[in-house]
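Being a predicted model, the structure only gives us computed values, none of them experimental. In this chain, residues are counted from 1 in sequence order. Side chains included, hydrogens not; waters and symmetry mates left out as well; all remaining heavy atoms used.
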Amino acid sequence: MTFNLAFAENVSEAITALTRPPLAEADVIAMQEMDATSVDRIARELGLAYVYYPASVQVDGDDFGNALLSRWPITADRKINLPHDDPYHQQHRIAVVATLDIRGTPVQVVSVHNATPIVGLSGRLDQAETIIDAVDGTEPLQVIAGDFNTSDPGSLKQTVKLFSERGYQWASEGVGDTVDSVIGGLPLDSVFVRGLSAVDRGVDRRPAGSDHHPVWVRFAWPP
């Protein structure tokens, strides 16, 4: 599943959400807008391994980064620096990569947080392609999930097209809007996959401590 926790301001509410079905069944959680303390607390309370990297520092001094939490051992991890910083706030964006050992099979998972539309669609597509280039050919089973900030017209379609052309399926297709905003619902969060087949998917729209709703996808394990 993927979940942007909105500056990690409501960790207790998020933990409650993550302990109820179907979110409680998640083997892997990609999280965005996190700080180190919040990630550690969530991982400890849920009994998960984790990796976290900061992308930048907020005006209040808190980290702002991405995490991956897993029920399975994490055997490797790294940070991908993305191009096109926010020109007004100089905010940097990253992706976080972790290789999981699932019953002896390596699965690579990426937590993504692309820039806001202020950098333009071409900038966000460059960010997505940077991620794909960085993990291309490294593992046969890959999940790339997170907040792609596809709020402007046409951006989701173009993002899906890019991943499709690079051999990924849009595993969260059809889940609908994932963010509540003053201008209505927005489809910002997506899950893309290579080498696995999605059998079910959805958005948990119950309160979870964020304006983003957690997006989950269930995959069939390959024979």
Side-chain angles (χ1 to χ4, degrees), residues 1-15 17-18 26 28-100 108-119 123-124 126-135 138 142-151 178-179 188-192 208-212 214-215:
M1 60 166 285
T2 182
F3 184 24
N4 181 324
L5 190 45
F7 302 102
E9 292 182 346
N10 294 292
V11 174
S12 295
E13 191 172 359
I15 290 171
L18 293 170
V28 185
I29 307 172
M31 302 195 76
Q32 304 85 41
E33 297 197 18
M34 301 300 296
D35 58 62
T37 300
S38 299
V39 175
D40 185 71
R41 178 184 169 191
I42 293 171
R44 283 188 292 103
E45 296 210 22
L46 298 182
L48 304 176
Y50 76 90
V51 57
Y52 167 76
Y53 283 97
S56 58
V57 178
Q58 297 299 297
V59 293
D60 61 3
D62 287 343
D63 288 347
F64 180 84
N66 304 9
L68 284 161
L69 297 83
S70 172
R71 297 193 186 282
W72 301 93
I74 298 173
T75 59
D77 62 81
R78 60 191 170 108
K79 176 170 72 172
I80 302 171
N81 289 297
L82 303 183
H84 306 294
D85 290 358
D86 184 315
Y88 296 100
H89 303 98
Q90 289 75 52
Q91 189 178 68
H92 186 59
R93 296 298 174 110
I94 65 169
V96 171
V97 185
T99 302
L100 314 180
Q108 194 169 67
V109 185
V110 185
S111 177
V112 178
H113 192 192
N114 279 2
T116 65
I118 200 167
V119 306
R124 279 168 290 143
D126 281 348
Q127 292 178 334
E129 191 146 34
T130 296
I131 295 165
I132 295 171
D133 288 344
V135 301
T138 53
Q142 295 179 329
V143 179
I144 301 178
D147 178 2
F148 290 85
N149 266 312
T150 45
S151 60
T178 64
V179 170
L188 302 193
D189 307 272
S190 288
V191 180
F192 297 95
S210 176
D211 54 343
H212 287 250
V215 178

Mind listing the closest non-hydrogen atom pair of [X] and [Y] along with its distance?
X	Y	value
A30	A145	CB-O, 4.1 Å
H92	L82	CE1-O, 3.2 Å
D211	A6	OD1-CB, 3.6 Å
P214	M1	CB-CE, 3.5 Å
D86	V119	CA-CG1, 4.3 Å

Is a donor on one side and an acceptor on the other found under 3.5 Å between the side chain of [X] and the backbone of [Y]?
X	Y	result
N149	N114	yes
N66	I94	yes
Q127	P83	yes
Y52	M34	yes
Q142	V135	yes
T75	T99	yes

From [X] atom [atom1] to [Y] atom [atom2], the distance as rounded to the nearest 0.5 Å:
X	Y	atom1	atom2	value
H212	D147	NE2	CG	4.5 Å
Q32	D189	CD	CG	6.5 Å
M31	T2	CE	OG1	8.5 Å
T130	H84	OG1	NE2	7.0 Å
E13	L18	CD	CG	11.0 Å
I29	L48	CD1	CG	5.5 Å

Quiz item: Which of these passes side chain to side chain contact (heavy atoms under 4.5 Å, CB included) with V96: D77, L68, V109?
Solution: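 With V96 as partner, D77, L68, V109 yield a single side chain to side chain contact (heavy atoms under 4.5 Å, CB included), made by L68.
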
Practice problem: Could you point out which residue of I80, T116, V112 forms a side chain to side chain contact (heavy atoms under 4.5 Å, CB included) with R93? | Solution: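 Result: among I80, T116, V112, T116 is the only option passing the side chain to side chain contact (heavy atoms under 4.5 Å, CB included) with R93.
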
Measuring only between side-chain heavy atoms, which start at C-beta, is [X] closer than 4.5 Å to [Y]?
X	Y	value
R41	I15	yes
E33	L5	no
P87	I118	yes

Quiz item: How are the rings of F148 and F192 set to each other: parallel, tilted or perpendicular (split at 30° and 60°)?
Solution: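 Answer is perpendicular, since the angle exceeds 60°.
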
Self-check item: Result of checking Y53, F7, F64, F3 against H113 for ring-ring contact (aromatic ring centres under 6.0 Å, His included)
Solution: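 Between H113 and the candidates, ring-ring contact (aromatic ring centres under 6.0 Å, His included) is satisfied uniquely by F64.
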
